[in-house]
Amino acid sequence: MVSFLSLPLLLSATLVFFSAITDLNLISVCNSKTTPTQEYLKLPLLHRNPFTSPTEILSSDYHRLSVLHRRSRRQVVKSPVVSGASTGSGQYFVDLQVGTPPQKLLLVADTGSDLVWLSCSACKNCTHRPPGSAFLARHSATFSPYHCFDSACRLVPHPKPSQCKRTRLHSPCRYDYSYADGSTTNGFFSKETTTLRTSSGKQTRVPGLSFGCSFRVSGPAFSGGNFDGAQGVMGLGRGPISFSTQLGRRFGNKFSYCLMDYTIAPAPTSYLMIGGAQNDVISEMSFTPLLINPLSPTFYYIGIKNVFVDGLKLPISPSVWSIDELGNGGTVVDSGTTLSFLAEPAYRLVLAAFKRRVKLPSSAQPNLGFDLCVNVSGVSRLSLPKLSFQLVGKSVVFSPPQSNYFIEAAESVHCLAIQPVELDSGFSVLGNLMQQGFFFEFDKDRSRLGFTRHGCARP
């Protein structure tokens, strides 16, 4: 998808975030002494009319991956989240209520970036702006920008640090967040109260959420359908200023989601949850470690040991899945990429195994962009090879249903929805299509990813 989700910062900006992690006590949400409870935040995620154009999906996914890979080389509450798949982006959106009184804004939910930012307006009357088109800072009684000498200001990159004058009493913390494709957002690093709904249905007001109040955005990341209708980004990455880190400290330092099957009509509700899962769900989970890549610390890496097609282990070298000393390689779980991407050597073996086993005629449909497409017209019961991933851990196997990696790309045409990663420095990606129908829990305290089909059934 043509997504800015997870469009990463330059390495220097990333290092700024993590060098300042000891200053988290200066962010009021992260300083919360609230004892984690079974209560959690629950934000509905909705998927709208996805995959109307496979070409658009491929183009946007490749754009996203090129930006993510460029970075590698450079080195619980209730709110609705709506998928941006109808725009060809494959993104998921969430409604967030910010300020006092609350203003409702639509943000892109992204596991591959850290900063939470909103499009802001400094105007007082704003009669020309429709509700929800931007955050009106002057209309909120609880909006407060950080001062440029506040230690929390060191968590974000600055345009001109010398502009901070000790003699000025009201010198706000300015940030300039640059993405690898040249897109930027800049404004004031600020704090604000958010109104969220817990799993029990109660509304709770959480003070001091740190976010970027953006007065200017530019670049390809924020133009076209990839950002259509959104007013900002909800970063869910591993960094100290992400939404999941700030709120997670109050609700158990973990988050989870369940992405429902997009083929169901009407589209069922998916959920993003900040906080612990229910005990009956946890008891059914398999766990694999979340790996650390020092050169890409935002992303959620997992380890793949083996890949199976119809139970047959493919002869893929373990080095294909490893992260090297330059930070290249590995496998990322990403909510912002639609398809899945495998390192070239692994992809070629998977593709060859599928071609040997699929007994259906090839499709004559042109320009679909996939290496394996079959004609399923007249087939009453479709049977396709079974794909499984053995992950790091004791007997941890991720076996998605066939609909997660074979999609209907055209009428009576099904295609293998996996693409190769051709760049030497690229990493593999398990996209949101491959994750459908599973409950995923990102546990930061234990540095592990849990998953299960239990708790992610059609409501």
Side-chain angles (χ1 to χ4, degrees), residues 1 47 50-62 65 85 88 90 259-265 304-317 320-321 331 333-334 337-391 397-422 426 428-438 451 453:
M1 63 191 170
H47 215 271
F51 309 136
T52 56
S53 171
T55 302
E56 288 182 2
I57 292 293
L58 281 168
S59 174
S60 56
D61 267 1
Y62 271 120
L65 245 65
L259 305 181
M260 302 298 292
D261 186 347
Y262 74 91
T263 63
I264 298 174
I304 294 178
K305 296 173 67 175
N306 294 295
V307 179
F308 297 83
V309 175
D310 279 347
L312 178 65
K313 184 173 75 172
L314 304 184
I316 302 171
S317 170
V320 171
W321 309 115
T331 303
V333 178
D334 182 28
T337 303
T338 302
L339 306 179
S340 290
F341 290 75
L342 300 180
E344 177 80 17
Y347 172 78
R348 292 302 166 193
L349 289 170
V350 170
L351 178 63
F354 271 88
K355 285 184 174 180
R356 286 194 300 267
R357 288 166 174 77
V358 173
K359 305 303 181 182
L360 296 169
S362 298
S363 169
Q365 184 86 15
N367 303 321
L368 292 177
F370 300 97
D371 290 327
L372 176 59
C373 292
V374 294
N375 188 331
V376 298
S377 59
V379 177
S380 58
R381 185 174 181 180
L382 183 61
S383 178
L384 296 166
K386 181 68 174 177
L387 178 67
S388 299
F389 298 88
Q390 182 184 9
L391 306 180
V397 178
F398 175 58
S399 298
Q402 295 168 350
S403 59
N404 285 23
Y405 49 87
F406 258 96
I407 64 171
E408 186 175 6
E411 185 177 357
S412 298
V413 176
H414 284 235
C415 297
L416 180 62
I418 300 175
Q419 294 288 301
V421 177
E422 298 176 352
S428 300
V429 177
L430 294 185
N432 59 49
L433 177 61
M434 191 71 78
Q435 300 171 42
Q436 284 185 160
F438 285 86
F451 62 92
R453 294 296 298 274

Q: Sorted by first residue and then second, give each salt bridge (charged side-chain N to carboxylate O under 4.0 Å, His left out) pair with at least one member in residues 366-389; sequence neighbours left out.
A: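 For residues 366-389, and leaving out neighbouring residues, the salt bridge (charged side-chain N to carboxylate O under 4.0 Å, His left out) pairs sorted by first residue read R348-D371.
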Q: Please confirm whether the backbone N or O of S383 pairs with a side-chain atom of Q402, one donor and one acceptor, at under 3.5 Å?
A: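 Checking the backbone N and O of S383 against the side chain of Q402, no donor-acceptor pair under 3.5 Å is found.
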Q: Kindly give the heavy-atom pair with the smallest separation between Q419 and G369, and that separation in Å.
A: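 Nearest pair, atom of Q419 first, then G369: NE2-O, 3.7 Å.
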Q: In chain order, what residues pass the side chain to side chain donor-acceptor pair (under 3.5 Å) check against S388, with sequence neighbours excluded?
A: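 Partners of S388 under the side chain to side chain donor-acceptor pair (under 3.5 Å) test: S399.
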Q: Side chain to side chain donor-acceptor pair (under 3.5 Å) with S317: which residues, sequence neighbours excluded?
A: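 By the side chain to side chain donor-acceptor pair (under 3.5 Å) rule, S317 matches S319.
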Q: Does any non-hydrogen side-chain atom of L382 lie less than 4.5 Å from one of L360?
A: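 Result yes, sub-4.5 Å side-chain heavy-atom pair found.
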Q: In Å, rounded to the nearest 0.5 Å, how long is the span from CG of N404 to CD1 of I418?
A: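 Taking CG in N404 and CD1 in I418, the distance rounds to 10.0 Å.
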Q: What's the shortest heavy-atom distance between R453 and G437, and which atoms?
A: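 What the structure gives for the nearest pair is NE-O, 2.9 Å.
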Q: Taking the side chain as C-beta and beyond, is there a heavy-atom pair between V358 and P385 under 4.5 Å?
A: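 Yes, close enough: below the 4.5 Å cut-off.
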Q: State which residues pass ring pair (Phe, Tyr, Trp, His ring centres under 6.0 Å) with F308; sequence neighbours excluded, sorted by chain then number.
A: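 Testing F308 for ring pair (Phe, Tyr, Trp, His ring centres under 6.0 Å), a comparison that skips the adjacent residues, returns none.
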Q: Does the T337 side chain pair with the main chain of G431, one donor and one acceptor, at a distance under 3.5 Å?
A: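 Checking the backbone N and O of G431 against the side chain of T337, no donor-acceptor pair under 3.5 Å is found.
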Q: Report yes if some heavy atom in the side chain of F451 is under 4.5 Å from a heavy atom in the side chain of V333; otherwise report no.
A: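 Heavy-atom side-chain distance check fails, nothing below 4.5 Å.
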Q: Measuring only between side-chain heavy atoms, which start at C-beta, is L387 closer than 4.5 Å to M434?
A: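 Contact flag for L387/M434 side chains = yes.
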Q: Taking only residues two or more places apart in sequence or in another chain, which ones pass ring pair (Phe, Tyr, Trp, His ring centres under 6.0 Å) with Y347?
A: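 Y347: no ring pair (Phe, Tyr, Trp, His ring centres under 6.0 Å) contacts found.
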Q: Would you sort out whether L391 and I304 count as a side-chain contact (heavy atoms from CB on, under 4.5 Å), showing the intermediate values?
A: CA-CA 4 Å; L391 306 180; I304 294 178; 3.9 Å; yes
Q: Where does the angle between the aromatic ring planes of F406 and F354 fall among parallel (under 30°), tilted (30 to 60°) and perpendicular (over 60°)?
A: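 Tilted: the ring planes of F406 and F354 meet at 30° to 60°.
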Q: Does any pair with a residue in residues 349-368 pass salt bridge (charged side-chain N to carboxylate O under 4.0 Å, His left out), and if so which ones, sequence neighbours excluded?
A: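 Passing the test, one end in residues 349-368: D310-R357.
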Q: List the atom of S340, the atom of L430, and the distance in Å for their closest heavy-atom pair.
A: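 So the two residues come closest at OG-CA, 3.7 Å.
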Q: Could you check whether any side-chain N or O of E411 sits under 3.5 Å from a backbone N or O of S377, counting only pairs where one atom can act as donor and the other as acceptor?
A: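 No, the answer is negative, given that no donor and acceptor are paired below the 3.5 Å cut-off.
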Q: Does L433 reach the side chain of Y405, with side-chain heavy atoms less than 4.5 Å apart?
A: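 A side-chain contact is absent here, since even the closest heavy-atom pair is not under 4.5 Å.
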Q: Can you tell if the side chain of P400 reaches within under 4.5 Å of the side chain of F438, non-hydrogen atoms only?
A: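 Yes, side chains in contact.
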Q: Kindly give the heavy-atom pair with the smallest separation between I407 and A417, and that separation in Å.
A: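 Looking at all heavy atoms of both residues, the closest pair is CG2-CB, 3.9 Å.
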Q: How about L342 and W321: do any of their side-chain heavy atoms sit closer than 4.5 Å?
A: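 The answer is yes; the side chains approach within 4.5 Å.
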Q: Quick one: closest heavy-atom pair of V413 and V376, and the distance?
A: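 Scanning both residues completely, I find the closest heavy atoms to be N-CG2, 4.1 Å.
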